[in-house]
Amino acid sequence: MEEAVLTDGKLAFASGATLPLPPRFRSLVREGQKVTFGLRPDDVYPSGHGLHAGDADAVHEIELPVTITEPLGNETLVFTQFNGRDWVSRMLNPRPLRPGEAVPMSFDLARAHLFDGETGRALAS
């Protein structure tokens, strides 16, 4: 979960990182609104090593540095730096990754969760 502000149609995070506003939330938020953004580890994955919810247009790719990996057999947990902290993701059909390696990561924004920053209430369409 990360706090963000809607700026120019994007989620702007404290570190300066941005993500596109998921399309299903466009009518539910306003410019300058504070929100909390959430995405489960299954919905963040090294590009080509995960499954998206069905709408490929909702997948946003960003290159992030790997901090650590945890091989689990048929999948690997991959920790990457985003917005100043580690985010955990799952990599299906894993391949070796090195700490510090920059990896294209896919964020399946169709599976994102947004909460109003003032009330904490879930925003849903």
Side-chain angles (χ1 to χ4, degrees):
M1 306 291 279
E2 293 287 327
E3 293 182 2
V5 176
L6 183 64
T7 306
D8 295 326
K10 297 177 188 171
L11 298 171
F13 299 92
S15 68
T18 63
L19 288 174
L21 177 66
R24 67 188 179 108
F25 295 109
R26 287 186 184 143
S27 65
L28 303 173
V29 294
R30 66 190 180 290
E31 183 73 11
Q33 183 176 352
K34 292 180 182 180
V35 297
T36 300
F37 170 82
L39 200 57
R40 297 181 190 276
D42 290 347
D43 302 319
V44 180
Y45 49 86
S47 296
H49 293 271
L51 302 172
H52 57 80
D55 184 2
D57 291 341
V59 177
H60 180 72
E61 189 175 276
I62 185 169
E63 197 164 281
L64 299 174
V66 172
T67 54
I68 194 168
T69 61
E70 186 175 339
L72 301 174
N74 65 336
E75 68 181 17
T76 295
L77 297 181
V78 178
F79 295 79
T80 56
Q81 274 289 313
F82 179 73
N83 194 39
R85 70 171 189 87
D86 279 345
W87 280 50
V88 64
S89 65
R90 287 195 165 169
M91 178 170 55
L92 303 178
N93 191 23
R95 68 174 181 83
L97 298 173
R98 296 179 321 277
E101 180 179 350
V103 176
M105 297 293 292
S106 292
F107 286 65
D108 187 354
L109 298 177
R111 307 291 292 179
H113 302 275
L114 275 187
F115 303 87
D116 183 272
E118 291 181 21
T119 67
R121 296 183 129 192
L123 302 171
S125 56

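Predicted, not measured: the structure shown is a model, and the values here were computed from it.
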Engineer: To the nearest 0.5 angstrom, please state how far the CG atom of L28 sits from the CG atom of L21.
Structural biologist: 9.0 Å
Engineer: Does the side chain of E75 reach to within under 4.5 Å of the side chain of L92, using non-hydrogen atoms?
Structural biologist: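 Result yes, sub-4.5 Å side-chain heavy-atom pair found.
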Engineer: Quick one: closest heavy-atom pair of G9 and E31, and the distance?
Structural biologist: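 Taking every non-hydrogen atom into account, N-OE1, 3.9 Å.
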Engineer: Please name the pair of heavy atoms, one in K34 and one in V5, separated by the smallest distance, quoted to 0.1 Å.
Structural biologist: CG-CG2, 4.0 Å
Engineer: How many angstroms lie between CG in D86 and OG1 in T80, if you round to the nearest 0.5 Å?
Structural biologist: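 Reported to 0.5 Å precision, the distance equals 7.0 Å.
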Engineer: Checking ring pair (Phe, Tyr, Trp, His ring centres under 6.0 Å) against W87, which of F79, F13, F107 comes through?
Structural biologist: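 By the ring pair (Phe, Tyr, Trp, His ring centres under 6.0 Å) criterion, W87 pairs with just one of F79, F13, F107: F107.
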Engineer: With a 4.0 Å cut-off on N to O distance, would you call D116 and R121 a salt bridge?
Structural biologist: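 Salt bridge between D116 and R121, a charged N being under 4.0 Å from a carboxylate O: no.
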Engineer: Contact between P20 and K10 at the side-chain level, heavy atoms closer than 4.5 Å - yes or no?
Structural biologist: no
Engineer: Side-chain contact test, heavy atoms from C-beta onward, threshold under 4.5 Å: evaluate it for V78 versus V103 and give yes or no.
Structural biologist: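 Result no, sub-4.5 Å side-chain heavy-atom pair not found.
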Engineer: Look at atom CD of E101 and say whether more than 12 heavy atoms of other residues, nucleotides or ligands are closer to it than 6.0 Å.
Structural biologist: yes
Engineer: Could you state the interatomic distance from OG1 (T76) to NE2 (H49), rounded to the nearest 0.5 Å?
Structural biologist: 9.5 Å
Engineer: If two hydrophobic side chains count as joined below 4.5 Å and joins carry through other members, does L6 share a cluster with F115?
Structural biologist: no
Engineer: Is any side-chain heavy atom of R40 closer than 4.5 Å to a side-chain heavy atom of H113?
Structural biologist: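 Of all side-chain heavy-atom pairs linking H113 with R40, at least one is under 4.5 Å.
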Engineer: Is it the case that over 12 heavy atoms from other parts of the model lie below 6.0 angstrom from the CG atom of L51?
Structural biologist: no
Engineer: Nearest 0.5 Å, what's the CZ-OG1 distance between R85 and T67?
Structural biologist: 11.0 Å
Engineer: Tell me whether R24 contacts the main-chain N or O of A112 through its side chain, where contact means a donor paired with an acceptor under 3.5 Å.
Structural biologist: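 Confirmed, R24 side chain pairs with A112 backbone.
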Engineer: Side chains of Y45 and V59: closer than 4.5 Å at any heavy-atom pair?
Structural biologist: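 Yes. Closest side-chain heavy atoms under 4.5 Å.
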Engineer: Evaluate side chain to side chain contact (heavy atoms under 4.5 Å, CB included) for F82 paired with I62, printing each intermediate quantity in order.
Structural biologist: CA-CA 10 Å; F82 179 73; I62 185 169; 4.1 Å; yes
Engineer: May I ask you to test the M91-L97 pair for a side-chain heavy-atom distance under 4.5 Å?
Structural biologist: yes
Engineer: Can you measure from CD (Q33) to CG (L123) and round to the nearest 0.5 angstrom?
Structural biologist: 6.0 Å
Engineer: Quick check: closest heavy atoms across M1 and G38, and the distance to 0.1 Å?
Structural biologist: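 Closest heavy-atom pair between M1 and G38: SD-CA, 3.7 Å.
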Engineer: Over all heavy atoms of both residues, which pair between S15 and N83 is shortest? Give the atoms and the distance, please.
Structural biologist: OG-OD1, 2.7 Å
Engineer: Looking at CZ of F37 and CG of L114, how far apart are the two atoms once the value is rounded to the nearest 0.5 Å?
Structural biologist: 7.0 Å
Engineer: What heavy-atom pair brings A12 and T18 nearest, and what distance separates the two atoms?
Structural biologist: CA-CG2, 4.1 Å
Engineer: So, do L77 and R90 sit near enough that their side-chain heavy atoms are less than 4.5 Å apart?
Structural biologist: yes
Engineer: Please give me the minimum heavy-atom distance between M105 and S47, naming the atom from each residue.
Structural biologist: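 Taking every non-hydrogen atom into account, C-OG, 3.8 Å.
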Engineer: Should the heavy atoms of other residues, nucleotides or ligands under 6.0 Å from CD1 of I68 be counted, would the total exceed 12?
Structural biologist: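 Not buried by this count: 12 neighbours or fewer within 6.0 Å.
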